[in-house]
Amino acid sequence: GFEISLTNGAGYGPSLNLSPVGGTLSTNTVYVRMASTNGPGGLTGSVLHSGGGVSNQSISLAGVVLSTNGTSGVILARWTFESATLSGSSTNSAMLKPEEGLQTNTAQAFSWHLGNSTYSTPAGNGSAKSFSCNTWNTNDFFQFNLSSAGYRGLKFKFDQTASGTGPLRFKLSYSIDGVNFVDVQNYDIPKTNNVPVGWNSTNLNSNSTLSFDLSSLSVLANKTNLSLRLVQRDTVSMTNGIVQSGGTCRVDNVEISGIALDTNPPVFTLSNGAVVTRVVGGAWIDPGVSAIDPEEGALIVVTNGTVNSGILGSYALDYSATDSSGNTGTATRTVNVVLNSSNSPSADTDGNGMPDLVEYALGGAVTGNSSSILPSSQITGTNLRISFFARTNDSNLVIRPVVSSNLVDTNGWSTNGVVKTAGVTTNNG
C-alpha cells in the first residue's frame, strides 16, 4: 500500500535499487507515500533497507486514507409544500409529508398554535406554494419529524419570512424522544431595512434562507425519533412592533440532510512503536499517540493505565477513541522499565563500584548515588549490627542478607567466635 521514490512527486514504485560507486553509496533522500489504490481506512507497513554486509533495517509506516463518501450529505427529507393542501382553522395543522428525500413516506411537518390559526399555502420562495399560518403567540411553532437512524452530521436549511405584523424572533429546538425539547440557537427571520423579504412564485430570493449546521450535536445522530422545531420566542413583529393576530409567517424549501454513519473504527498511530523501553528513574512522558477516523479525521484519545518509571517492571497503556458513529478503536502500548541500557544486574552504569541492582535495591538510583545509601554499622558489645534502607515498593525485589564468617581486617577483627545469627530472606525490604 506504500510507494517509494527518489523524486518527490514522481517515479513512485514498490522498490528501489541503489548501487554504490567505487564502494561508496551516495546519500539519498527516499520519499514515501500511500498509493492511490488504497481505499478508506488505516494503513500500516514498513520500508525495508537491505544490502550486502549489513543488517537489515526497517522503518515503520502508518497512515489513514480519509473518505469523501457522503461528506456533502444526503437529503433525508425536503418539503417544497407543492403537494400540500391546507385550509381552515384549528390549533394544529395537518401533517405534511416531504416531497423529496429518503423519508417521503415517514417524515412529517406541522404547525401548532396556542389558539386557532388559519393554515394556507400561498406563493413560496420561487415556487407555487409554501406553508403559512397566522395568529402567532409566544411558543407557537413549526415542527419537522423524521428519523436520523444510520446518519450523523445533520444540517437543517429552510426559507422563512413573515408579514409586517407577523413574528420576527424564533429559536431552533430539538427533541430525540418527541417530548423533551432542547434549545439550540436563537435567530431572527431575515429582513431588509426593517422590511420583510418578499416571495413570489417565479424567483427564489436567497436573502430569506437560513442554515444551521448541527453536525457538532452528536446526540442527534442515529436517532429513530427526531424532531426539529422553529419556536416563536416573543411578541416582537417584523417591523419591531407587536405581533398581530392577522400577522402571518411561512416557511418553504425545508431541507434536512445527513451523512451516512461509517463502520470503520479509528486507526491508531503509536509514536516510537507499541513497545517502549525506559531505564528506571526520571519522569515518564508518553511519546505520543493519535487516532484518526477515516471520515472525521483526528479524534480525542482516552488513556487508561499508568507507568511508574521509578519501579522496574512491564506496564500496559490502553488507548481508545470513539467516532461520532459509535465506532471505537483501541490500541495498547507496553512500557518496559529496565535497570539499565543492557538490563544487566551486574552492570555499574556510574562506575562507583556498586552494581546498579544493589543501588536500586537500597532505594537509590543507578547513577549519581552518594554514600548515603550505603549500609551503616554499629558495635554493641561483641556484636556487629549492620543496618540499611531497602526498597519496599517493588514486589518483585527480594532482599537476601548474607552473613560471612570472614571478617578479618587491619583493625584486628578475626573469625574467632564469629557465628551467623541472621540470614533470612526479606521480601519487599
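Being a predicted model, the structure only gives us computed values, none of them experimental.
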**OP:** Kindly say whether Asp159 contributes a backbone atom to a donor-acceptor pair with the side chain of Asn125 at under 3.5 angstrom?
**Re:** no
Original post:
Glu255 side chain to Ala77 main-chain N or O, any donor-acceptor pair under 3.5 Å?
Top reply: no
Original post:
Is the backbone N or O of Lys97 less than 3.5 Å from a side-chain atom of Gln108, with the two atoms forming a donor-acceptor pair by type?
Top reply: no
Original post:
Can you tell if the side chain of Asn340 reaches within under 4.5 Å of the side chain of Val366, non-hydrogen atoms only?
Top reply: no
Original post:
Would Thr161 and Ser208 count as having a side-chain donor-acceptor pair, cut-off 3.5 Å?
Top reply: no
Original post:
Distance from Lys157 atom NZ to Phe212 atom CZ, nearest 0.5 Å?
Top reply: 13.0 Å
Original post:
Just by distance, with hydrogens left out, do Asp252 and Ser127 show a side-chain donor and acceptor under 3.5 Å apart?
Top reply: yes
Original post:
For Ala35, does its backbone N or O pair with a side-chain atom of Glu3 as donor and acceptor, under 3.5 Å?
Top reply: no
**OP:** Side-chain contact test, heavy atoms from C-beta onward, threshold under 4.5 Å: evaluate it for Trp199 versus Arg250 and give yes or no.
**Re:** yes
**OP:** Could you check if a side-chain atom of Val337 sits within less than 4.5 angstrom of a side-chain atom of Tyr315, using non-hydrogen atoms only?
**Re:** yes
Subject >> Side-chain donor-acceptor contact under 3.5 Å, Asn194 with Asn240 >> reply: yes
Subject >> Distance, nearest 0.5 Å, that separates CG of Leu228 from CG of Leu146 >> reply: 6.5 Å
Original post:
So, the side chain of Asn200 versus the backbone of Thr202: is there a donor-acceptor pair under 3.5 Å, distance only?
Top reply: yes
Original post:
Distance-only, no hydrogens or angles: does the Thr239 side chain make a donor-acceptor pair with backbone N or O of Gly164 under 3.5 Å?
Top reply: yes
**OP:** With sequence neighbours excluded, tell me which residues meet ring-ring contact (aromatic ring centres under 6.0 Å, His included) with Phe268.
**Re:** none
Original post:
Asn145 and Ser227: side-chain donor and acceptor closer than 3.5 Å?
Top reply: yes
Original post:
For the side chain to side chain donor-acceptor pair (under 3.5 Å) test, which of Thr138, Asp188, Asp183 pairs with Arg233?
Top reply: Asp188
**OP:** Drop me the distance from Ser148's OG to Asn222's CG, to the nearest 0.5 angstrom.
**Re:** 6.5 Å
**OP:** Ignoring hydrogens and angles, state whether a donor on the side chain of Asn207 or Asn205 is under 3.5 Å from an acceptor on the partner side chain.
**Re:** yes
Subject >> Flag, side chain of Asp262 to backbone of Ala260, donor-acceptor distance under 3.5 Å >> reply: no
Original post:
Would you say the ring centroid of Trp136 lies under 6.0 angstrom from that of Phe142?
Top reply: yes
Original post:
Should Tyr31 and Thr7 count as side-chain neighbours, where that means a heavy-atom distance under 4.5 Å?
Top reply: no
Original post:
Within the side chain of Asp356, is there an N or O that forms a donor-acceptor pair under 3.5 Å with the backbone of Glu359?
Top reply: no
Original post:
When rounded to the nearest 0.5 angstrom, what is the spacing between CG in Asn225 and OG in Ser147?
Top reply: 8.5 Å
Subject >> Side-chain heavy-atom pair Ser346, Pro355 within 4.5 angstrom cut-off >> reply: no
Subject >> Among Leu299, Val302, Thr330, Thr328, the one residue meeting side-chain contact (heavy atoms from CB on, under 4.5 Å) with Thr322 >> reply: Thr328
Original post:
So does Asp286 pair up with Arg333, basic N to acidic O under 4.0 Å?
Top reply: yes
Subject >> Whether over 12 other heavy atoms sit under 6.0 Å from Ile300 CD1 >> reply: no
**OP:** Measure across Asn56 and Ser50 and return the closest heavy-atom pair with its distance rounded to 0.1 Å.
**Re:** OD1-CB, 3.0 Å
Original post:
Side-chain contact, heavy-atom cut-off 4.5 Å: Phe144 with Ile256?
Top reply: yes
Subject >> Donor-acceptor side-chain pairing of Asn134 and Thr248 below 3.5 angstrom >> reply: no
Subject >> Main-chain N/O of Met238 paired with Lys191 side-chain donor or acceptor, under 3.5 Å >> reply: yes
Original post:
Does some side-chain heavy atom of Val276 sit less than 4.5 Å from a side-chain heavy atom of Asn336?
Top reply: no
Original post:
Does Asn327 reach the main-chain N or O of Asp323 with its side chain, forming a donor-acceptor pair under 3.5 Å?
Top reply: no
Subject >> Close side-chain approach of Asn253 and Thr209, heavy atoms under 4.5 Å >> reply: no
Original post:
Should Lys129 and Glu82 count as an ion pair when the cut-off is N to O under 4.0 Å?
Top reply: no
**OP:** Give, for atom CG of Leu154 and atom OG of Ser218, the distance between the pair rounded to the nearest 0.5 Å.
**Re:** 11.0 Å
